[in-house]
Amino acid sequence: MELSKRYDPKPVETKWYKFWEDNGFFRADAKSSKPSFCIVIPPPNITGSLHTGHALNNTLQDILIRWKKMQGYEVLWLPGTDHASIGTHVQIEKALAKEGKTRFDLGREEFLRYAWDWKNKFGNRIVEQLKRLGCACDWSRLRFTMDEMLSRAVREAFVRYYEKGLIYRGSYIVNFCPRCKTAISDLEVKHKEADGNLWYIKYPLTEPCGDKRAITVATTRPETMLGDTAVAVHPDDERYKACIGKMVVLPLVNRLIPIVAIDLVDKNFGTGAVKVTPAHDPVDFEIATRKKLEMVKVINEDGRMTDKVPKQYQGLTREDCRKAVIEDLKAQGLLEKIEPYRISITHCERCDTIVEPLVSLQWFLKMKDLAQPAIKVVEEGKIQFIPERWTKVYLDWMYNVKDWCISRQLWWGHRIPVFYCNDCQEVMVTRTDPKSCRRCQSTNIRQDEDILDTWFSSALWPFSTLGWPDQTDDLKKFYPTDVLSTAPEIIFLWVARMIFSGLEFVGDIPFRQVYIHSIILNEQGERMSRSKGIGVDPLEIIEKYSADALRYTLTYLESQSQSYRLREQKFEIGRNFANKIWNAARLVLPYLKNSGKSQSETQSSVLDPIDYWILVKYNQLIDLIQENLAKFNFSYVASSLYRFFWHDFCDWYLEFIKPRMKAKDPKAIFTLKEIFSGFLRLLHPIMPFITEELWQTFQFSQSSIMLESLPKPILTDERDFTKVERLKDIIVAVRNIRTEMRVEITQKVPLLINCPDKILQEFIFTQKNLIFELAKVSSLNLAPHPPEHSSVSILNGLEVYVPLVGIIDIEKERRRIGQEIEEIKQELTRINDRLADKNFLQNAKPAIVEKEKERKNSFTERLNRLKELYKTI
RNA sequence: GGGCGGUUAGCUCAGUUGGUUAGAGCGUCGGUCUCACAUACCGAAGGUCACAAGUUCAACUCUUGUACCGCCCACCA
């Protein structure tokens, strides 16, 4: 079989993915007796398409899965998608907006039909994209958060929480998005700084208090004054002590409101007096709760003023109302001053609308008792975060976690399973929909309108996907799962919630290790964003460079840092690597294809030093990969494979053995086969396609490389390793001289090597054909003393001389040698200083001291030789 | 305001327990179409490891502080 000169990944990648899938290689067996290894995929949103973050995260998971499978585990990578309640709403509503419609024009039923259609049409797009990436997911277990089975889990969880008294309903201040028309959690908003003002407004006192006739408050949101129900000052603030308990007249509204004292007020900010708008500010809400103040809701869910404000403001938007209020205050002379001020404005993460904090009736999950065990398992190391620094991030949030607002005023999602009797107001929370009121038997009942936060179902993902609440075989075999790999931004939203949910419902941790991968930035250091059109598109990269190249480059760059910058050019690393492997395969294919089976026989005989040299490197590689993959050092693993294959195996080993290979030396063939097949298996988790293609081409086994086990180290001889390292030094020295002296390749130049080590000398002599092969220098002699006129190159104590047979510029050579002498002198000074240091001799490890002495000797010898040489020219 | 990262060659980044002369890829320069690969091969140039102090015989590596860049969190009216 002939291989083309360049690797063409396209047909290869489609062919083998289909082969793996058709043969059921991705499918897990819950009845297997092998130990299990399970990863549940962070379910991508049905609205999404593959971006670089997905590409990275799923590549890493795939590497772990394929690796563990080759290690002999029964692996399950469980895939699925998330209904992404609010995300999907925003997408669909955008589409509706183009037709001039809102979701309210369609109504709940119609909207849900529309959404399901949408899901059926586009929801699996990302699944197809994951296949192109090569992901070894068990597609027979594909899940969706709104599947019947998972919805049952959601309902079960809600009911259990409720029955335990952990779920309650109440009016509290929440972030409300006027566009999405729903409450959103603190984690779903983002803060943006902007230029704003600090407005100083005078609130007249009903009676003078000391020398004061009015209290001035400072605010960034003047329109909210219409909902003020108090003015607060710090209890220790001398300026206002006399005023505490007095009343002021709320301007424009003419409501009498009290002056209260509370330690939440910062004496040093503004005037030290703060207006209190309990219905629209979280701190004010707290003040009002503690001081039992009235709450007046002046802004509605749509961002407009309510009927609780004077007529002229009713129905105005927040922005228009602000202008009007300012005008009116000015007219009344109550606006004391305006200062420019940087303010932080809260936006809806999904649609970027400015969020309004307001009081509304919502469902909450009590967090205190749930958090305790979730803290404990992480503190005790039962769940481990990698990199470790994220542990603290998780714990800090968990220590201060607040109750979770789980209700959303949306339609796409799991409807809250709470039913009300319209006749007797009985509240029912049940596992199946009730037909009638359990108390008065009335059939006039209704379900709560709200749905659950999308993360409520995500929190159950590691076990709902395995069949919980049933005790399925899957759940028994694969729970707790092993690794969760995800992005840092969802540690609170998702990871934390999976942990307490798993402990609560299954009674065990959901996973043992959490790997938090890097954030990929574009060339300018900005976050990649498809909507902004910045960054690279992984599908385009697969198209242009191949999935293997995409995977390799992403893995190569993944080094547990917070983030890294990526540009398209980087994928050349992966593409070129694949091509290099391909071409090495082309070279060795004819010799390995029908190499016979007398391996055990060959193995027992003594191999060539060169073979032992590469085997030492190979053994190191096997160990290092094992060790570092267990520590999630992806970059290290990828780069060691690269270095080994390209720079050890191709650059040196293949070049060394070309003559032996062509002569079909069985020792060379044996080593070659061992290394090449082993390397393919080591690389397979990262570059599954090309490795499978070559595995099949070489017919290393009857089946897929996926089903093979990882290679084991081979017995080798370490002494030969050092010899070959020395030989390499010589060759490099020769090449060096050749380039510098501009010796033509065809030109025959006598070469002399001074080598003090007798054994090495002999060895080099036996290998002189190799030097010929590589350095293209035609004759080699070992010389005890250098000839008078010669160029020298020295590496690691070996000296290589090329006699100056009129091929170089003598002056230039003098300068070069002079320079080298200077450098050596400097280094010798440093070494001597160190060796003269008593403390160093006392404290340093003996090996270090020995090394230092050796260095001194070799440098001194070298210096003397160079000095002599310098004189002779 | 608090916490966490980062600062190493022109660029993007490694640097595994403190110990020879700090590495890679890309880019640059010079030389090669050498019978696997020009998506390649050979060679070279290029770094006072952000700054300061400390610990140590020895610091890119450990401690403290400073500066700048970035991320996250927070009740910055």
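Order of the sequence lines sets the chain letters (A, B, ...), proteins ahead of strands, with each chain counted from 1.
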Any base atoms under 4.0 Å from A/Ala273, or only sugar-phosphate, or nothing? Heavy atoms, all strands. base
Canonical and wobble pairing (Watson-Crick, G-U, under 3.5 Å) of RNA chain B, dot-bracket with |: (((((((..((((.....[...)))).(((((.......))))).....(((((..]....))))))))))))....
Shortest side-chain distance from A/Arg527, nucleotide among B/rG25, B/rC76, B/rC72: B/rC72
Winner on side-chain proximity to A/Lys580, out of B/rC76, B/rU12, B/rC37, is B/rC37
Can you figure out which of B/rA77, B/rU39, B/rC57 approaches the side chain of A/Asn579 most closely? B/rU39
Heavy-atom nearest nucleotide on RNA chain B for A/Ser635 versus A/Lys838: which residue maps closer to 5'? A/Ser635
In whole Å, I'd like the distance from the CD atom of A/Gln524 to the P atom of B/rC69. 18 Å
Side chain of A/Ala844: nearest nucleotide among B/rA77, B/rC57, B/rC4? B/rC57
Once you apply a heavy-atom cut-off of 4.0 Å, does A/Lys402 come out as touching a base, just sugar-phosphate, or nothing? sugar-phosphate
Taking NZ from A/Lys570 and P from B/rG25, how many angstroms apart are they, rounded to a whole number? 12 Å
Cation-pi check, A/Arg6 onto A/Trp582 ring (under 6.0 Å, within 45° of axis): no
Would you say B/rU21 has OP1 or OP2 under 4.0 Å from some side-chain N or O of A/Arg855? yes
When you check the phosphate oxygens OP1 and OP2 of B/rA38, does a side-chain N or O of A/Lys5 lie under 4.0 Å from one of them? yes
Contact class for A/Glu489 (heavy atom, under 4.0 Å): base, sugar-phosphate, or nothing? nothing
Below 4.0 angstrom from OP1 or OP2 of B/rU12, is there any side-chain N or O of A/Arg565? yes
Rounding to an integer number of angstrom, what distance separates B/rU8 and B/rA24 when you compare their C1' atoms? 13 Å
Nearest whole Å is fine: how far is B/rA58 P from A/Asp833 CG? 12 Å
Report yes if a donor N or O on one partner sits less than 3.5 Å from an acceptor N or O on the other, where the partners are the side chain of A/Glu852 and the base of B/rA58; otherwise report no. no
Ignoring the backbone of A/Asp651, work out which of B/rC13, B/rC41, B/rA36 is nearest its side chain. B/rC41
On the nucleotide B/rC41, are OP1 or OP2 found under 4.0 Å from the side-chain N or O atoms that A/Trp646 carries? yes
Among the candidates B/rC75, B/rG19, B/rA36, find the nucleotide nearest to the side-chain atoms of A/Val283. B/rC75
Pick base, sugar-phosphate or nothing for A/Arg389, based on heavy-atom distances below 4.0 Å to the nucleic acid. sugar-phosphate
Remember a base hit wins even if backbone is also touched, and classify A/Asp284 as base, sugar-phosphate or nothing at under 4.0 Å, heavy atoms. nothing
Ionic contact status for A/Glu827 with A/Lys856, cut-off 4.0 Å: no
Out of B/rU21, B/rC37, B/rC4, whichever nucleotide has its closest atom nearest the side chain of A/Glu827: B/rU21
Can you tell me, in whole Å, how much space there is between the P of B/rC41 and that of B/rU66? 49 Å
Rounded to whole angstrom, note down the C1' distance from B/rA59 over to B/rC49. 11 Å
Taking only N and O in the side chain of A/Asn576, is any of them less than 4.0 Å away from OP1 or OP2 of B/rU39? no
Test side-chain contact (heavy atoms from CB on, under 4.5 Å) applied to A/Ile625 and A/Ile622, A/Asn628, A/Asp623, A/Leu621, the passing residue: A/Leu621
Of the candidates B/rU20, B/rA36, B/rC41, the side chain of A/Asn583 sits closest to B/rA36
In whole Å, what is the span from the NE2 atom of A/His647 to the P atom of B/rG43? 11 Å
So with a 6.0 Å cut-off around NZ of A/Lys190, is the heavy-atom count from everything else above 12? yes
Test log, rule side-chain hydrogen bond (donor to acceptor under 3.5 Å, both in side chains), inputs A/Thr346 and A/Lys192: CA-CA 6 Å; A/Thr346 313; A/Lys192 287 189 200 168; over 6 Å; no
Please determine whether a side-chain nitrogen or oxygen atom of A/Ser561 lies at a distance below 4.0 Å from atom OP1 or OP2 of B/rA14. yes
Gap in Å between the two P atoms, one belonging to B/rG70 and one to B/rC13, rounded: 14 Å
Could A/Asp263 and A/Arg290 be called an ion pair, given the rule that one side-chain N must be under 4.0 Å from one carboxylate O? yes
Side chain of A/Phe492 only, please: which of B/rC73, B/rU21, B/rA36 is the nearest? B/rC73
A/Gln562 side-chain proximity, nearest of B/rC13, B/rG5, B/rC37: B/rG5
Measure from CG on A/Asp281 to P on B/rC76 and round the result to the nearest Å. 10 Å
Interatomic distance where CD1 belongs to A/Ile516 and C1' belongs to B/rC4 [whole Å]: 13 Å
Using the C1' atom as the point on both nucleotides, what is the distance between B/rU32 and B/rC68, in whole Å? 45 Å
Between A/Lys392 and B/rC73, is there a side-chain N or O to OP1/OP2 distance below 4.0 Å? no
With a cut-off of 6.0 Å (strictly less than), are more than 12 heavy atoms of other residues, nucleotides or ligands near CD of A/Glu193? yes
Evaluate the side-chain proximity of A/Met528 to A/Leu566: yes if any heavy-atom separation is below 4.5 Å, no if none is. yes
Check this for me: does any side-chain nitrogen of one of A/Asp195 and A/Arg342 sit under 4.0 Å from a carboxylate oxygen of the other? yes
Hey, is A/Lys851 close enough to A/Glu854 for a salt bridge, meaning N to O under 4.0 Å? no
Taking A/Lys267 first and then A/Asp237, would you say they form a salt bridge - that is, a charged N and a carboxylate O separated by under 4.0 Å? no
Indicate whether OP1 or OP2 belonging to B/rA77 is found under 4.0 Å from a side-chain N or O atom of A/Lys275. no
Distance, P atom - from B/rG6 to B/rU64, rounded to whole angstrom: 14 Å
Quickly work out the A/Phe571 CZ to B/rG25 P distance and round it to whole Å. 19 Å
Have a look at A/Val588 and say if it touches a base, only the backbone sugar-phosphate, or nothing, with a 4.0 Å heavy-atom cut-off. nothing
Hey, is the side chain of A/Arg6 poking within less than 4.0 Å of OP1 or OP2 on B/rU39, counting only N and O atoms? yes
Assess the residue pair A/Arg830 and A/Glu852 against the criterion (salt bridge (charged side-chain N to carboxylate O under 4.0 Å, His left out)); give the C-alpha distance rounded to whole Å, side-chain angles, the decisive distance to 0.1 Å, and a yes or no. CA-CA 10 Å; A/Arg830 249 173 288 165; A/Glu852 210 56 23; over 6 Å; no
B/rG18 to B/rU63 separation - C1' atoms, rounded to the nearest Å: 14 Å
Euclidean distance for C1', B/rC57 against B/rG65 (whole angstrom): 26 Å
By the 4.0 Å heavy-atom rule, please label A/Tyr564 as base, sugar-phosphate, or nothing. sugar-phosphate
To the nearest Å, give me how far apart OH (A/Tyr552) and P (B/rC13) are. 17 Å
